[in-house]
Visitor: 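Here you go, one structure.
Residues: numbered from 1 along the sequence shown.
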Amino acid sequence: MLDSTVEHGEKLITEAELRKRFDFWIRHLRLEHWNFELRPHEEPDGDEQEAEIIIPADYDYGQIRFNKTWRKWSHSLIDEVLVHELIHAHLHKLQVAAMDGSRGFNDEAAAMYMRRLGHEVEHAVDALTIATLRNVLGLKDA
Ligand SMILES: [Zn+2]
């Protein structure tokens with residue numbers, strides 16, 4: 001995790017800045033063909049989540065929601081969260097295909113399979129997020 005909140009004296013993030021960073025990452029991650037809605041005024045479902053991406057159907061559309069603290073995040077945390085959620089978009093179809101692998105499992109086996117899959121996807125997304133931040137921003141210790 002990068003520095004999580006603004007240092008004393010640093011300005012709060014504006015919604016315009018958030019959208020500008022979002023557009024920057026869309027280009028760098030080659031997701032221009034997706035239709036995204038940034039929803040900075042809607043909270044993610046989980047309490048501890050900084051953000052979440054919701055992809056309601058199997059086509060290239062996603063909504064990204066942010067924890068209400070986002071205005072106080074550092075610029076590096078904003079970048080980290082945006083890249084993380086956008087990499088989820090890249091992996092979405094792979095995840096849906098993998099979820100199909102639990103068809104025919106009983107409830108307990110399906111739940112175990114989905115937990116494992118979710119864990120592995122998060123692990124891959126985290127690693128790809130760090131690699132992207134390092135490669136695009138030239139960060140050495142992200
Ligand atoms: Zn995630």
Side-chain angles (χ1 to χ4, degrees), residues 1-103 105 107-142:
M1 183 68 63
L2 300 167
D3 331 329
S4 57
T5 53
V6 291
E7 296 298 317
H8 185 69
E10 239 185 301
K11 287 192 313 182
L12 296 181
I13 305 275
T14 65
E15 193 170 327
E17 286 169 325
L18 177 70
R19 290 183 184 280
K20 198 171 157 190
R21 291 312 286 168
F22 185 69
D23 291 343
F24 173 86
W25 288 114
I26 296 263
R27 283 195 312 278
H28 276 281
L29 291 167
R30 301 181 182 270
L31 285 165
E32 292 103 327
H33 59 288
W34 274 67
N35 179 17
F36 289 109
E37 270 184 76
L38 271 192
R39 296 189 164 187
H41 307 292
E42 280 181 39
E43 295 260 355
D45 284 335
D47 293 342
E48 294 167 38
Q49 288 187 67
E50 285 153 344
E52 71 178 350
I53 183 164
I54 297 172
I55 302 173
D58 200 12
Y59 59 95
D60 299 343
Y61 165 77
Q63 299 169 357
I64 300 178
R65 299 176 181 170
F66 296 85
N67 182 292
K68 64 181 177 230
T69 62
W70 68 267
R71 286 179 194 280
K72 294 180 183 168
W73 296 353
S74 65
H75 286 79
S76 53
L77 181 61
I78 289 278
D79 282 340
E80 183 182 338
V81 169
L82 289 173
V83 170
H84 181 103
E85 299 309 325
L86 289 171
I87 288 175
H88 270 296
H90 267 304
L91 297 183
H92 175 68
K93 285 176 186 162
L94 178 65
Q95 189 168 4
V96 170
M99 283 160 58
D100 287 346
S102 70
R103 281 195 190 148
F105 287 9
D107 289 352
E108 191 183 345
M112 273 176 59
Y113 180 85
M114 297 301 253
R115 263 198 309 278
R116 171 82 192 275
L117 181 61
H119 175 80
E120 298 299 343
V121 166
E122 284 306 321
H123 193 75
V125 168
D126 284 342
L128 292 168
T129 297
I130 289 169
T132 301
L133 292 169
R134 283 182 180 163
N135 286 323
V136 175
L137 303 178
L139 301 180
K140 293 197 168 40
D141 57 351

Visitor: Who passes side chain to side chain donor-acceptor pair (under 3.5 Å) against Thr69, sequence neighbours left out?
Guide: Asn67, Trp73
Visitor: Could you list the donor-acceptor pairs under 3.5 angstrom formed between side-chain atoms of residues 111-120 and any protein atom two or more places apart in sequence or on another chain?
Guide:
from, atom 1, to, atom 2, distance (Å)
Tyr113, OH, Ala98, O, 2.5
Arg116, NE, Glu120, OE2, 2.9

Visitor: So, using salt bridge (charged side-chain N to carboxylate O under 4.0 Å, His left out) as the criterion, who are the partners of Arg65 when residues are at least two apart?
Guide: Glu42, Glu52
Visitor: For Leu94, give me all partners under side-chain contact (heavy atoms from CB on, under 4.5 Å), at least two apart in sequence or on another chain.
Guide: Leu91
Visitor: Considering residues at least two apart in sequence or located in another chain, which fulfil the side chain to side chain donor-acceptor pair (under 3.5 Å) criterion with Asn135?
Guide: none
Visitor: Between Asp23 and Lys20 (salt bridge meaning N to carboxylate O under 4.0 Å), is one present in this structure?
Guide: no
Visitor: With rounding to the nearest 0.5 Å, note down the distance linking CD in Glu85 to CZ in Phe22.
Guide: 10.0 Å
Visitor: How many angstroms lie between atom CD1 of Ile130 and atom CD of Glu80, to the nearest 0.5 angstrom?
Guide: 7.0 Å
Visitor: Could you give the distance from CD1 (Ile64) to CG (Leu18), rounded to the nearest 0.5 Å?
Guide: 9.0 Å
Visitor: I'd like to check the side chain to side chain donor-acceptor pair (under 3.5 Å) partners of Asp107; sequence neighbours left out, ordered by chain and number.
Guide: none
Visitor: Report the distance from atom OH of Tyr59 to atom NE2 of His92, rounding to the nearest 0.5 Å.
Guide: 10.5 Å
Visitor: Using side chain to side chain contact (heavy atoms under 4.5 Å, CB included) as the criterion, point out the one residue from Val81, Ile87, Leu86 that pairs with Val83.
Guide: Ile87
Visitor: Take Leu77 and Glu50 through the side chain to side chain contact (heavy atoms under 4.5 Å, CB included) test and state the conclusion after the steps.
Guide: CA-CA 10 Å; Leu77 181 61; Glu50 285 153 344; 4.0 Å; yes
Visitor: What closest approach, in Å, do Gln95 and Val121 show between heavy atoms, and which atom pair accounts for it?
Guide: OE1-CG1, 3.7 Å
Visitor: How far does CG of Leu38 sit from CZ of Arg21, to the nearest 0.5 angstrom?
Guide: 13.0 Å
Visitor: Do Asp60 and Lys93 have side-chain heavy atoms sitting under 4.5 Å apart?
Guide: yes
Visitor: For the residue pair Glu122 and His84, confirm or rule out a side-chain donor-acceptor distance under 3.5 Å.
Guide: yes
Visitor: Looking at Trp70 and Pro40, would you say the former's side chain and the latter's main chain have a donor-acceptor pair under 3.5 Å?
Guide: yes
Visitor: Just by modelled atom types, is the Phe105 backbone N or O under 3.5 Å from a matching donor or acceptor in the Ser102 side chain?
Guide: no
Visitor: Can you name the residues that form a side-chain contact (heavy atoms from CB on, under 4.5 Å) with His41, not counting sequence neighbours?
Guide: Glu15, Arg71
Visitor: Would you be so kind as to tabulate the donor-acceptor pairs closer than 3.5 Å made by side chains of residues 28-37, with sequence neighbours excluded?
Guide:
from, atom 1, to, atom 2, distance (Å)
Glu37, OE1, Arg39, NE, 3.2
Glu37, OE1, Arg39, NH2, 3.0
Glu37, OE2, Tyr61, OH, 2.3

Visitor: Within the 4.5 Å heavy-atom criterion, are Trp25 and Ile78 side-chain neighbours or not?
Guide: no
Visitor: Nearest 0.5 Å, please: how far is CD1 in Ile55 from CD1 in Ile53?
Guide: 4.0 Å
